Structures are given as C-alpha cells and as structure tokens.
Amino acid sequence: MAKFDLTARIGQYLDRHLVFPLLEFLSAKEIYDENELLQAKLDILSKTNMIDYAIDIRKQLYPNFEVPEELNERRNRVLQELGDLEDNASVILKLMSDDDTMETMEKMRDSKSLNHFLLKESDFRVEMMESLVKLAKYRYECGTYSVSTSYLYFYMLVMPPTDRNYLDVLWGKLASEILVQNWETALEDVNKLREYIDSNAIGNTLQVLQQRTWLIHWSLFVFFNHVKGRDLIIEMFLYRPHYLNAIQTMCPHILRYLATAVIINRSRRSTLKDLVKVIQQESYTYRDPITEFLEHLYVNFDFDGARQKLQECQTVVFNDFFLIALLNEFVENARLMIFETFCRIHQCISIDMLAEKLNMKADVAECWIVNLIRNARLDAKIDSKLGHVVMGGQPASPYQQLVEKIETLSVRSEALENLIERKLKAKNQDSVSIVWN
Amino acid sequence: MSRFFATGSDSESDSSSEEEQIQRPTGAVYTFSDDEEETKRVVRSTKEKRYEEITNLIKLIRNYKKIKDMSSMLTSFEQLTRAYAKALPVIAKEENGQTPHFYLRCLVELENFITDVWEDRKNMSKNNSKSLTSLRQKIRKYIKDFEEDITKFKENPDQEDEDEEEKAEEAEESDGEEDRANAFKKASSAEANAPDVSKFKKGPTIDGEEASDSDEDWGSDSDSDSTSSDDDGQYTNIRERFIKKTTDKDDDEDKAKKKEQRKERKDKERKKRRDEDDGEGEWETVKGGVAIPSEKPKMFAKDAEINVQAVLKKLTEVIAARGKKRTDRREQIELLHELQSIAETHNLGPAVAVKIKFSIISSIFDYNPKVSDAMKPEYWSKLLERISEMLDMLLSTPDMVIAETVSEDSEEYETPPYKLHGCVLTLVERLDEEFTKLLKECDPHSNEYVERLKDEKRVSTIIDKVQEYLERQSVVSELCRIYLRKIEHLYYKFDPTVLKQKDGEIASNVVTSVQVMEKLCKFVYAKDGTDRLRTRAILSHIYHHALHDNWFQARDLILMSHLQETIQHSDPATQILYNRTMAHLGLCAFRHANIKDAHNCLVDLMMTGKVKELLAQGLLPQRQHERSKEQEKIEKQRQMPFHMHINLELLECVYLVSAMLIEIPYMAAHEFDARRRMISKTFYQQLRSSERQSLVGPPESMREHVVAAAKAMRNGNWAACNNFIINEKMNAKVWDLFYQTDKVRAMLTRLIQEEALRTYLFTYSHVYDSISMPTLAEMFQLKRPVVHSIISKMIINEELMASLDDPTETVVMHRSEPSRLQSLALQLTDKVNNFVDSNDRIFELKQGNFFSRSGNQGNFRDRQNYNRQGQDWGRQRRDRNREDNRNY
C-alpha cells in the first residue's frame with residue numbers, strides 16, 4: 001500500500017515536529033519497516049531539542065547500545081540555555097503569570113494602547129519581545145508546545161502585524177496549536193495566516209506561492225480535525241483561486257484530500273463539477289484511486305470502473321493519516337454517489353446488479369435502498385417479484401419547464417422595482433448628498 | 001551601414017592617424033589591380049573628378065547661353081558654385097590657392113552675357129526673366145569673392161576672345177580624352193621645368209594646318225593650367241613669363257606661338273600614346289611622387305621588420321577604408337587575406353590572427369552593399385570557413401577574450417591573456433540572418449536549396465562553438481542570446497528519439513532535443529532581462545513540446561505564459577512565431593484526440609483565410625490595395641525559409657475535421673434551436689458551397705472529402721464518413737504526414753464512431769421509443785461500455801431525454817420533444833429571463849457595485865483565471881489577428 005502513501009510528499013512541506021504524528025501513524029499501520037521509521041524519526045529529532053524523546057527512540061532502535069554520552073551532555077546544555085532564555089524574558093514571564101494584568105490586556109483591543117499600558121504598569125520594553133520569541137521557539141524545539149503557544153499568544157497580543165517576526169510567530173503558533181490539538185484556535189491561526197499571506201505583505205510571488213503551499217499542508221491537520229473543517233477545506237482549496245493555483249502547480253497530491261472532502265460533503269454536490277474539472281486537468285500529473293473514482297463516475301460514467309476504484313479507495317483512506325477517521329463516511333457517500341448517478345440515468349435497475357456495483361450483498365443493498373426510499377431521498381419503488389428498482393418521476397413536461405423558468409421572474413422584477421423606488425425616494429429626499437452615478 | 005557595424009566595433013573610432021585617413025582615398029586607389037580600365041578610372045578619382053564636374057557644368061552653361069535658357073542656366077550656375085565649393089580643398093592644394101583660369105573665364109563670360117541680355121529681358125518669357133534677375137543678383141554677389149582674380153584675369157582678355165568657338169568643342173571632349181590630356185599635361189609639366197622658350201618660337205609656319213586640331217587642344221591646355229600639381233605653379237609662371245614677353249609683340253604672333261606650343265604638346269602626346277609601355281612607365285613615375293601608398297600591395301617594405309605592431313597598424317589602415325564610397329570591397333578582403341598570410345608566416349600569435357580573421361569576416365559581410373539581398377554563395381562558403389576557423393582558434397586558446405567591454409586601447413595582442421575588442425555574438429547572429437536570407441533566395445524545390453540547407457549543420461556547429469566560447473565567459477545576457485539562437489535552430493526540428501524514449505525503446509538517460517530545449521529555455525526564463533527573448537524562448541519551447549506530442553506540457557506552458565493576452569503587442573516576427581506555435585499546438589491536440597482544443601487553437605488561423613500570411617509562408621496577392629514596394633520587401637524579409645514551413649493542407653484538414661467532429665453533432669442537437677450559432681465559419685462555408693452545387697461528384701480535393709464525410713456523418717453513417725476521411729487519397733495528402741500515422745487514424749476512426757453515434761441519437765431519437773444498446777454498439781462497432789458511457793453522458797447533460805432500462809439494456813426515450821408552440825414559448829421565456837438578468841445587471845452597475853467584482857481579479861498568476869482565459873482563446877486571438885493584419 002506504499003504506492004499511494006503521500007507521507008513523503010507531504011512531509012517536505014511540513015515542520016519537522018508536524019511530521020511526528022504522521023510517522024507515528026505509519027508505524028501503527030506497519031506499511032513500512034519499523035526500524036526504518038525509527039531511524040527517520042531519529043534523524044528528524046537530531047535537529048530538535050527533544051533529547052529525551054530521542055533517547056527513547058534510540059533505545060528502541062538499538063536496545064543493545066548505551067545512550068551516547070554526547071546526548072546526555074546536550075541535554076544539560078539545552079536545559080541551561082533554556083534557563084538563560086527564561087532569564088532574559090523574565091519580565092514578560094512575570095507579567096504573564098499575573099492573571100489580573102492578563103485580563104486587562106485581553107480587554108484591550110488595540111496593540112498600541114496595550115503597549116502603552118504595559119510600559120506604564122511595568123518595566124516592560126518592546127525589545128524584550130525578541131527574547132520572548134526566542135524562548136518560545138526554544139520551548140517549541142523542546143517539545144513543550146503548550147507553553148510555547150501561550151508565549152506566542154502574548155506576543156500576538158502586544159505586537160502589531162508589521163513586526164518583522166510576525167509571520168514567523170504566526171507559523172509557530174499554528175504549529176504549536178496543531179501539536180497540542182487545539183483545533184479551534186488552530187483554525188483561527190490558519191485564517192490569520194491566510195489573511196497575512198494574501199495581504200501581499202510578502203513581495204516576492206515565488207515566496208508567496210511557497211507560503212501558500214505550506215499553509216495548504218499545515219491546514220490539513222486542522223481541516224480534518226475541526227468540525228467545520230470539511231466545508232472550509234472546500235472553500236479554501238477549491239474556491240480561492242490562489243490556493244487552487246498553488247495546488248495545481250506545487251502539490252497536486254492535495255487533490256486527494258480535496259476530493260475526499262467533496263465526496264463526504266453530501267450537501268455540496270454542486271462543487272463536484274468544479275472539482276472534476278480540476279481533476280481532469282491535472283490527471284497527467286497526479287492520479288490516485290480517489291480522483292480516479294470521481295473521474296470514472298462523472299466523466300466516463302463507467303460504473304464498473306468506479307466500483308473497482310471504490311474498493312481501492314477504501315484501502316487508501318484506511319492508510320491515510322488525515323482520512324482514516326472518515327473511512328465509513330467516505331464509503332457511504334461514495335456509494336450514494338454511485339447510486340444517485342445511476343438513478344439519474346436509469347429508470348429500471350435490477351437489485352442484484354446494483355448490489356454488485358455498490359460492493360454489497362443483495363439483501364443488504366435492498367435494505368439500503370428501502371431506507372433511502374423511506375427517508376424520501378429517492379423517488380422509486382421496488383418490484384420485488386422481478387427484483388427491480390423502478391424509478392419514479394418523468395422528466396418535466398414543457399409546461400412545467402415553462403412555469404419553472406418564469407416562476408421567479410416576477411419576484412425578481414418586483415424586488416428590483418422596489419429597490420429602484422427606494423433609491424428614487426432617497427434621492428428626492430436628499431438630492432444633494434446622494435450622488436447617482 | 002548595418003546593425004552589425006553599429007555594434008561591430010573598430011571602424012570609425014579607429015585611433016589610426018589623421019594623415020592616413022586623408023591620404024587613403026588616393027592611396028587605396030593606386031594599389032595593384034592589373035585591370036587597366038579600372039586603374040584609369042580610379043586615377044581620375046580625386047581632383048579630376050571635381051574638375052570634370054566643374055567643366056561639365058561650364059559646358060552646360062555655355063550651351064544654355066546659346067539658347068538663352070535662363071532658368072536652366074540658373075540651376076546650372078548654382079550647381080557650379082556648389083561643385084566649386086566642394087572642389088575648393090583640392091584646388092587649394094593643387095593651385096596654390098589661385099582660382100583656376102577656366103573657372104574665372106566662365107564667371108566673366110557669364111557676367112558679360114548677363115549684362116548683354118539684361119536689356120533684352122522684356123522679350124523673354126516670364127520664367128526666364130525671373131531667372132535672369134536672380135541669376136544676375138547671384139552672380140554679382142558671387143563674383144565679389146573672386147574680384148582680385150578676375151581683374152587679374154581681365155588683364156589678358158585676349159585669351160578670352162580667342163576661345164569663343166573652342167568652348168563648344170571642348171565640351172564634347174570625352175572622358176578618355178580628358179584623361180589623356182591630363183596624362184599629357186602631367187608628363188609635360190614634368191618636363192616643363194625647363195621648357196625652352198625657344199621651342200615655342202619654333203616653326204610658326206605650321207600654324208595654319210594644325211589650326212583645327214589645335215583647337216581641341218586649347219581646351220585641354222587651359223585645363224592643364226589649372227589641373228596639374230605643384231609643377232603647374234611653375235609652369236604658369238613660365239607662361240606668365242612667356243606672356244610678358246609676348247605682350248611686346250604682335251597679338252598675332254603671340255597667337256601663333258601659342259598654337260605652336262599646343263601642337264608641340266600634342267605631338268608629344270601622340271608619341272606617348274604610340275608606345276604604351278613607355279607611357280605607363282612615365283605614368284608610374286609621375287604618380288610615385290604623389291602617392292606613396294602605391295607600395296601598398298607589398299604591404300610592407302621588404303626590409304621592414306614585421307612585428308605585431310606593424311601588422312596591426314596595417315590592419316587598422318585597411319579597415320579604416322571600410323564603408324567609404326570608393327573603397328573596393330573585394331580588394332579589401334584580398335588585402336586582409338594577404339595580411340593574414342603575412343601574419344601567419346611571421347607567427348604573430350593567435351590574437352593577431354583572430355583579429356585579422358575578425359576583420360576579414362566583417363569585410364565579407366560588408367561585401368554585399370544591400371542588407372536585404374542575400375550574399376553570393378562563394379562568399380558565403382568563405383564566410384563559413386573563416387568563422388569556424390576563427391572560433392576554433394578562439395576555443396583552442398583558452399585565455400583569449402573578445403568582448404565589447406574591452407576598449408580598443410586596452411587590447412592585448414602579445415602576451416596572454418589576450419584581449420580583443422569585438423563581439424563574436426553579433427557576428428554569429430549576422431551569419432544566421434545571412435543564412436536565412438540565402439535560403440529564401442533559393443527556389444525551395446531545387447537542388448540548390450538542398451545544397452544550401454546542408455550548411456545548416458555548419459551554422460549550427462558554429463553556434464555551438466560560440467555557445468561554448470560564451471559559456472567560458474559566462475556573461476548572462478550574451479548567453480541568453482546565443483541560447484535563443486540555438487533554440488531557434490532547434491525548435492522546429494523533429495527528433496524521433498523523443499517519442500521512442502517515451503515508448504521506452506530508448507533508455508531515459510539518452511539526451512534528446514526535448515531535454516536540450518528544456519535546459520536552454522529554462523536558462524533563458526530565469527536569466528533573461530528582456531521580455532522578447534523570454535517570449536520567443538517560451539513559444540519555441542511550446543512549439544517543440546507540441547511537435548513531440550507533449551500535449552500537457554505544451555498546454556500548461558501556453559496557459560501559464562499569458563501570451564494570448566499580450567502577443568498583439570509584440571513585434572511581427574514574434575507574432576508569426578506565436579501563430580506557428582498555435583498551429584502546432586492545434587496539431588498536437590488533434591493527435592491527442594482533444595478535438596475541442598485543436599479547434600480552438602486553429603480557428604483563428606483558419607478563419608481569416610490568410611493562413612499563409614499569418615504563418616509567413618508566402619504572400620497572398622492582395623486585391624484591394626496593392627502593397628507598396630517597401631512593404632513587400634518588409635514582408636518578404638519576414639517569410640520563413642521553406643524547410644520550416646508547416647504544411648497548410650494538413651493544417652486545414654485537421655481544422656476541418658475537428659470542426660466537423662464538433663459541429664455535426666451540435667447541428668443535429670440544435671436543429672430547431674433559434675439560438676444556434678456557428679462554431680466554425682470556415683467549415684460552414686465549405687458545407688454551403690457544396691450544397692449549392694446542383695450535382696455533387698465524387699470528392700477529389702481534401703476539402704471535398706471532408707464535406708462528403710460531414711454529410712455522411714449527419715446521417716449517422718459512420719462507415720461512409722470514415723471512408724471519406726481515411727482513404728488512400730487522404731492518407732497520401734494528409735495523414736501520412738503525421739509521425740505515428742496509424743495511431744492518428746485509429747483515434748480518428750474512434751472519434752468518428754462516437755460522434756456519429758451521438759449525431760444519430762440526436763437526429764433519430766424522436767422516431768424511437770426505445771433502442772437497444774447492443775444494437776447501437778453493433779451499428780457503430782463500439783464496445784458496449786463505451787456506448788453506455790456516451791449515452792449516460794448525454795442523459796446527464798440533458799442532451800437526450802431518455803433513461804436507461806438496465807435489465808433489458810435499452811434506452812427508453814421520453815416524449816419530451818416540445819411542439820412548435822411549446823418550443824417558441826420556451827424561447828420566449830429564455831429571452832424574458834435574459835431581459836430580467838440584464839435589468840439586474842444594469843441596476844448593479846448604476847449602484848457602482850464594482851468592488852465585489854474586482855475582488856477576484858488580482859493580478860496574481862492563478863491558473864483558474866487562465867483557464868477561463870483558455871476558453872476565451874477564440875476571442876482573444878481573434879483580436880490579435882486583427883492586430884496582426886493591421887501590422888502586415
């Protein structure tokens with residue numbers, strides 16, 4: 001199943017700390033050799049300050065070897081450095097530990113007045129923020145993410161977005177929030193970051209593209225864990241041209257997640273068309289069972305192909321860090337999609353064939369259809385003698401079409417008329433101030 | 001003279017000394033050509049030319065005097081003064097600042113004449129009298145400058161009286177005679193150092209017989225007074241002496257003596273003419289004094305030490321003559337060659353050799369006076385040899401630099417690292433341009449063309465060499481330029497190894513032209529500072545991809561480049577390249593069965609009916625407005641050489657077939673639709689013109705084949721359609737031109753089957769209640785899943801009012817075809833809908849609700865927008881084409 005594993009491709013756009021969950025997941029799935037994974041983890045850790053963790057893994061990997069002395073030494077050094085940094089930022093740390101001040105701070109809307117307040121109340125200096133950022137980073141490197149988030153939160157309260165560290169802090173905050181699994185704030189951070197990136201604060205287009213690519217990858221953590229994530233992922237990836245463009249040029253593999261999100265999002269079937277277009281366009285650079293499933297179903301109307309792909313999809317989803325939680329939902333919705341499309345085309349389907357196409361047993365399928373009919377999602381009847389499902393409903397007659405088309409017109413015209421009238425009135429009342437272009 | 005020289009380097013700014021330049025005009029002339037006529041002509045070059053001009057004008061004036069044509073006289077007089085002013089430097093040198101006698105005479109005469117005629121002016125025509133007045137004014141004013149001379153001249157008016165008749169005759173003297181006279185003059189003046197006065201007195205008796213003859217000589221005599229060099233001064237002195245003497249005597253005697261003198265000279269002249277060798281010899285010696293450079297053919301004095309400095313000095317001397325009117329270009333080339341061999345024999349090092357070669361190449365380029373004409377083949381081959389020799393030398397001496405940044409003063413010839421002023425790149429660019437010109441000159445169907453085309457390889461290797469050289473220097477802008485040159489030699493060539501590599505027949509590590517292109521283009525994209533090079537590189541890159549069936553890469557590149565929007569602002573050459581690229585992109589899309597894209601790419605090229613012009617593959621005769629000569633010339637310059645042409649019939653056929661595959665099902669589907677619009681105008685025209693014929697014969701041409709196929713498809717007869725499109729005739733004409741022709745044909749058959757099925761369903765669905773899918777599959781020889789998929793697609797897109805009945809495998813039609821009234825009503829609702837929509841829009845506009853719209857139009861490079869653009873290709877390009885046409 002390593003064929004469709006995207007960890008390697010995604011990993012290059014993630015922070016090294018963010019890769020750990022992925023690796024943990026992989027080792028649980030046992031797709032790769034355990035020792036290789038451990039080695040990879042160790043390599044990643046070598047550049048962080050999470051010495052304890054590194055020592056643990058080392059023990060797992062080489063149970064017969066003693067922990068080298070230098071690691072212990074490094075551990076001490078890290079601790080010492082941490083102490084130094086904390087000393088540097090002691091004023092702020094003291095401020096932060098004071099609940100009253102924090103409360104007043106949070107009430108202040110403006111970073112300027114906040115700054116003012118801090119300068120007045122304590123011996124706070126703006127320059128100290130630098131050391132706070134350093135400390136937060138160090139904390140992060142050590143793996144104490146929650147502390148780091150609180151530091152960074154403070155920073156963001158105090159400093160205006162024009163500060164040169166602001167972007168770095170945003171990234172750091174997002175990473176820490178993700179790692180402490182605080183999805184609500186993480187989502188806020190994603191939005192903040194997106195606004196910052198889109199605000200053209202970064203001049204170089206290439207850099208902007210890179211930042212967007214990172215954001216796309218990082219936000220996957222948030223979107224697939226947050227409740228509203230499924231809507232938001234479509235919103236951001238598919239309907240923000242900048243991000244869609246970034247996906248198409250830099251990381252077409254994201255299409256898998258986008259496709260999954262669209263499939264499980266039953267209420268937003270309209271997005272399918274747009275998605276299929278994108279998938280077709282990029283089909284030469286990226287394809288996996290999920291995109292192929294959509295292609296089979298909506299481009300070629302090849303139901304057999306779709307069925308096969310659906311089976312493959314299940315394994316893919318099962319082995320994907322982000323998607324595994326959605327497995328059942330995915331399968332259910334995919335089946336429904338097949339069935340819906342089927343019904344749109346057919347007027348009479350045999351249940352046996354349907355069961356085969358949906359990867360179900362005949363009686364389960366029948367049961368499933370009955371449920372669908374009962375929930376009024378389907379205008380159909382079952383002919384149990386022949387074992388057929390007969391679709392109800394004829395296409396609209398020309399008369400109906402006519403009525404449908406005209407229906408809204410009068411309402412719309414009326415609304416327009418009202419609008420104009422109101423405008424005119426306003427104009428007459430205050431003919432000087434309103435400029436009618 | 002040409003771009004090349006503007007950037008070229010060494011000529012005008014030469015440090016060569018002033019004197020050299022002054023003496024050169026004479027100098028270059030006396031060299032060694034053994035062609036006598038030429039030498040003669042050349043000899044006259046400096047002062048003679050001026051003098052001749054003046055005498056000719058005087059002659060004219062005299063003629064006008066006779067016929068009293070005042071206006072012509074006026075113009076001639078003006079010319080004369082101008083010519084005189086021009087000749088002044090020469091005269092000053094030759095005559096010690098004295099005004100030549102014949103000129104004075106003319107002035108005096110003219111003045112007299114005017115005073116004579118002045119009274120008469122009332123009888124003249126208005127024009128003439130007007131001219132006369134202005135002439136009088138002018139001459140009075142002009143004469144003031146010469147007052148002194150004229151008074152002097154008037155002291156011996158005798159001469160003047162005498163000349164009356166002779167003047168006319170003198171006018172008839174031919175050039176040759178004048179030469180002779182000159183030669184004689186000089187010869188005589190050489191001897192005249194001691195012309196015995198007694199001689200003059202000798203034999204006054206012959207006077208009578210020789211009178212008529214001597215008349216002729218009199219003129220030349222007067223000429224000689226003025227023309228000859230320093231000696232003349234002496235001579236005139238002598239004559240003055242002589243005149244003084246004679247003033248005591250009778251006028252008649254004087255005259256006689258003079259005539260005798262003339263006769264004597266004439267005798268001498270005759271003698272000289274008789275023994276030519278002698279004459280030549282004399283000639284040489286006379287010259288020797290004046291022109292030192294006659295030594296030049298030997299280049300250096302025998303005993304002179306030949307070192308780098310000397311050679312270089314000589315070189316600058318030779319080069320300095322370049323571009324001047326009188327310089328014999330061929331001779332210059334020969335001179336340079338000689339210099340080169342001298343340099344070689346004396347082993348003066350590579351730098352000097354390269355420098356000389358460089359100059360030779362420049363002068364070969366120079367040889368052709370007109371930029372628009374092609375070079376002569378023999379010079380072309382010479383040029384190729386020289387350039388490759390030079391480049392070999394350059395490459396073999398690693399520490400040599402030729403660059404424009406090296407100033408002429410800092411050139412270094414003797415010790416490495418050598419430094420030279422110049423630019424190899426421009427040289428090669430020029431070479432390349434010459435090559436295209438040469439190719440265009442030849443008849444493309446002749447062997448000559450093939451022969452020329454063989455040089456392409458050499459040109460390419462030269463470019464490679466320059467590339468190698470420039471890579472050593474690594475100046476980015478120059479590298480970009482040479483890369484583009486290379487790209488332009490590469491992009492249109494098909495490399496079969498690319499496709500083999502794609503099929504896995506060749507290992508993936510073999511470097512194919514696609515990889516080379518990729519490397520070159522990427523460099524240009526990254527490093528180029530000017531937009532033009534990048535645009536051309538990207539277009540060539542797309543072309544190359546399209547040529548090798550890399551459809552996706554080509555498509556992405558063109559979409560990312562945004563060129564559809566901006567191309568109309570670029571120069572015609574780039575627009576042509578764009579058109580060519582689009583043509584190939586269309587062909588590539590067709591091979592990939594992307595019929596819609598193919599159609600979109602080609603529609604603008606084909607719609608105008610001016611494909612030939614748009615692709616620069618020939619000029620169309622224009623009916624309405626003739627082009628001017630100049631325009632035609634420019635257009636001819638733009639033409640592509642034949643070997644780069646794109647087959648127009650193939651292009652048209654691909655376009656028509658794509659149009660057929662799109663248009664026929666569309667027509668069938670919207671047969672009664674009022675809003676139906678044409679997809680392809682050209683295709684419609686073809687269809688209509690065939691429908692107009694009362695009797696349609698079996699198809700002959702490619703177009704007729706396509707039209708016949710379209711008709712067959714309309715009836716859903718796929719087999720007939722297929723037979724019309726794919727048969728032996730069409731294979732020979734069109735399809736065999738594709739590289740993987742079988743693949744294309746198979747693809748075409750499949751598409752025809754599919755589209756025929758769709759057409760069939762559209763056309764005949766109303767007569768069926770249900771159709772069995774297996775029957776359909778059999779009818780169109782398609783696989784069942786394919787039929788199923790096609791029908792499903794039609795149902796989903798609501799093109800076909802039907803649904804499938806799975807157990808029986810049939811398509812059940814729903815009677816939903818609206819009646820005429822119903823369909824009209826539906827149309828009406830559509831229109832009302834549009835109306836309301838536009839109302840809304842107008843209101844929004846009035847509100848000034850712009851911001852919500854401009855939101856998603858950031859100028860970021862988002863592909864989503866491109867794609868929208870992509871669908872808009874049609875319109876975009878149509879605009880551009882209009883622009884194009886205007887440019888043409």
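In what follows, chains carry the letters A, B, and so on, assigned in the order in which the sequence lines appear, proteins first and then strands, with residues in each chain numbered from 1. Keep in mind it's a predicted model, so treat the numbers as computed, not measured.
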Parallel, tilted or perpendicular: which one describes the rings of Tyr768(B) and Tyr760(B), with boundaries at 30° and 60°? tilted
Hey, are the side chains of His545(B) and Trp551(B) touching, using non-hydrogen atoms and a 4.5 Å cut-off? no
Based on non-hydrogen pairs under 4.5 Å, which of Val786(B), Val811(B), Thr829(B) is most in contact with chain A? Thr829(B)
Under 4.5 Å from any heavy atom of chain B, what part of Ile345(A) do you find: side chain, backbone, both or neither? both
For a quick check under 3.5 Å, do Asp288(A) and Tyr286(A) share a side-chain donor-acceptor pair by atom type? yes
Please look at Val812(B) and chain A and tell me whether the side chain, the backbone, both or neither of the residue comes under 4.5 angstrom of a heavy atom of that chain. side chain
Are Ile369(A) and Phe339(A) packed together at the side-chain level, in the sense that at least one heavy-atom pair is separated by less than 4.5 angstrom? yes
Which portion of Ile795(B) sits near chain A, non-hydrogen atoms under 4.5 angstrom: side chain
Just checking, any donor-acceptor pair under 3.5 angstrom between side chains of Gln280(A) and Glu295(A)? no
Structural part of Phe303(A) lying under 4.5 Å from a heavy atom of chain B: side chain
